[in-house]
Amino acid sequence: MSRHRPVTPLAWAALLAALTTHGCKRAPSYDEPLVDRSDGALPELTAPRVLPNAIVIDGKLDEQAWVGAGMSKMFVSPGSGRPAPSSKVNARARVVWNEQDLLVAFEVWDAGPTSPFGHDDVDPHIWARASGVELMLQPGERSDNRDYFELQVDVNGAVWDTRFDDYMNPVTGGPDDASKRFGHQEWRSGVERAVEIDGRRGRYVVELRVPWASLRTSAFAGPPRPGATMRANFYSFRDGQSDSLAWSPLLAQGNFHKSARFGRVHLGR
């Protein structure tokens with residue numbers, strides 16, 4: 001299936017029917033246990049530094065650099081921090097970096113992802129209508145919600161990205177989401193991305209390369225130095241985000257934007 005062709009419910013029904021006919025396993029098969037983060041401790045990981053050409057953005061994660069990447073372990077319920085075995089979007093993330101880019105790969109065990117959007121659509125409302133992933137990033141060891149970034153990518157590779165001055169600020173426009181603008185939507189992340197859907201394993205991969213040059217703020221000139229720390233959170237979602245999971249749970253301390261609940265990503269030397 002082309003990664004640039006919209007994944008419609010009808011297309012997925014046909015694919016899953018074909019898998020059943022050939023006796024292939026469709027249920028998600030995690031290769032690590034679910035975890036519990038209800039104690040409130042912020043998760044941390046160390047992202048190794050890799051060579052600029054160590055990874056090709058193709059959605060396959062077959063490079064050695066990804067094998068040794070910093071791993072988030074499995075995501076949890078955003079509200080409680082507990083594992084969510086019945087969720088359709090159990091997921092994890094891998095992170096590496098180099099002097100030019102931050103690289104993040106999401107693995108989502110969603111056996112039937114869908115999206116009405118095309119790869120080249122500009123700022124579609126992915127959270128409302130598509131299966132996808134979300135990266136929240138506040139460069140530096142800060143949790144004041146100043147100068148942070150949001151990046152969403154759906155299963156067709158469509159991108160919605162923006163930059164905020166402060167917690168959910170600015171938000172302008174009309175009374176409903178369709179006419180609102182969230183943050184500075186004119187900002188562009190410059191993300192290189194690829195999506196690979198594996199129907200046999202009931203899983204899809206979203207692989208991202210985000211240039212440090214696009215993440216500059218008044219507090220972050222970039223690129224970072226080895227040993228630096230940034231605040232980040234990773235999310236997987238579908239069904240208008242009614243089914244969603246997080247690396248670091250919110251525990252009733254705000255919504256997906258609350259940087260005080262972002263985990264810590266340490267950049268290896």
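What you are looking at is a predicted structure, and each value in this text was computed from that prediction instead of being measured.
In this structure, the side chains of N255 and Y167 come closer than 4.5 Å at one or more pairs of heavy atoms. At least one side-chain heavy atom of P43 sits under 4.5 Å from a side-chain heavy atom of S248. In this structure the side chain of W212 never reaches within 4.5 angstrom of the side chain of P139, judged on heavy atoms. Side-chain contact between V133 and F75 is absent, with no heavy-atom pair separated by less than 4.5 Å. Between R142 and D147 the shortest side-chain heavy-atom distance falls below 4.5 Å. Considering only heavy atoms from C-beta on, E107 stays 4.5 Å or farther from V206 through its side chain. Between F220 and M230, the closest side-chain pair of non-hydrogen atoms is not below 4.5 Å. Using a 4.5 Å cut-off on side-chain heavy atoms (C-beta onward), V155 and T114 make no contact.
Taking the ring centroids of H257 and F164, they lie under the 6.0 Å cut-off. Here F262 and W247 keep their ring centres 6.0 angstrom or further from each other. A ring-centre distance under 6.0 Å is found for Y30 and W109.
Heavy atoms only, all atoms of each residue included: A130 and D154 are closest at CB-CB, 3.9 Å. Between D243 and K88, the shortest heavy-atom contact is OD2-N, 2.9 Å. V159 approaches P124 most closely through the heavy-atom pair O-CD, 3.4 Å. L245 approaches A84 most closely through the heavy-atom pair CD2-CB, 3.6 Å. Heavy atoms only, all atoms of each residue included: L151 and S189 are closest at CD1-OG, 3.8 Å. Looking at every heavy atom in both residues, P224 comes nearest to W97 through O-CZ3, 3.8 Å.
Side-chain heavy atoms closer than 4.5 Å link hydrophobic residues (I, L, V, M, F, W, Y) into clusters, and following such links, even through other members, never connects V76 to V265. Clustering ILVMFWY residues whenever any of their side-chain heavy atoms sit less than 4.5 angstrom apart, transitively, puts L42 in a cluster other than the one holding L137. Tracing side-chain contacts under 4.5 Å through hydrophobic residues (I, L, V, M, F, W, Y), one reaches W187 starting from V210; they form part of the same cluster.
Each of R201, K60, R203 was evaluated against E196; a single residue qualifies, K60, per the salt bridge (Lys or Arg N to Asp or Glu O under 4.0 Å) test.
R37 contributes no side-chain N or O that, together with a main-chain N or O of A41, makes up a donor-acceptor pair within less than 3.5 Å. No donor-acceptor pair under 3.5 Å is formed between the side chain of S38 and the backbone N or O of G81. Panel note: side chain Q152, backbone L135; no donor-acceptor pair is recorded below 3.5 Å. With hydrogens and angles ignored, the 3.5 Å screen pairs a side-chain donor or acceptor of D176 with a backbone N or O of S179. Panel note: side chain R94, backbone M71; no donor-acceptor pair is recorded below 3.5 Å.
Ring-plane geometry between H125 and W160 is classed as perpendicular, the angle between the planes exceeding 60 degrees on a 0 to 90 degree scale with a lower cut at 30.
No hydrogens or angles considered: nothing links the side chains of D144 and S259 as a donor-acceptor pair under 3.5 Å. Remark: the H266 side chain and the T46 side chain contain no N/O donor-acceptor pair separated by less than 3.5 Å. For the residue pair D239 and S242, no side-chain donor N or O sits within less than 3.5 Å of a side-chain acceptor on the partner.
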Derivation and outcome, side-chain hydrogen bond (donor to acceptor under 3.5 Å, both in side chains), residues N233 and Y235: CA-CA 7 Å; N233 214 348; Y235 302 94; 3.0 Å; yes
Candidate pair N90 and S87, rule side-chain hydrogen bond (donor to acceptor under 3.5 Å, both in side chains), full reasoning: CA-CA 6 Å; N90 271 289; S87 172; 4.5 Å; no
Pair M168-N145, side chain to side chain contact (heavy atoms under 4.5 Å, CB included): steps then yes or no: CA-CA 9 Å; M168 291 291 292; N145 264 119; over 6 Å; no
Residue pair F149, M136: steps toward the side chain to side chain contact (heavy atoms under 4.5 Å, CB included) verdict: CA-CA 6 Å; F149 302 90; M136 290 285 194; over 6 Å; no
Stepwise side chain to side chain contact (heavy atoms under 4.5 Å, CB included) test for R129 and F117: CA-CA 9 Å; R129 300 177 60 193; F117 305 121; 4.0 Å; yes
Working for side chain to side chain contact (heavy atoms under 4.5 Å, CB included), residues K180 and V171: CA-CA 7 Å; K180 283 182 180 178; V171 175; 4.0 Å; yes
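In this structure, R92 pairs ionically with D31, as a charged nitrogen and a carboxylate oxygen lie closer than 4.0 Å. With respect to the salt-bridge test (charged N to carboxylate O, under 4.0 angstrom), the residues D165 and R163 qualify. Under 4.0 Å is where a charged nitrogen must lie from a carboxylate oxygen, and between D123 and R181 no such pair does.
Counted within 6.0 Å of CZ on R188, heavy atoms from surrounding residues, nucleotides or ligands total more than 12; the atom is thus considered enclosed.
One finds the CZ atom of R49 at 9.5 Å from the CG atom of N98 (value rounded to the nearest 0.5 Å).
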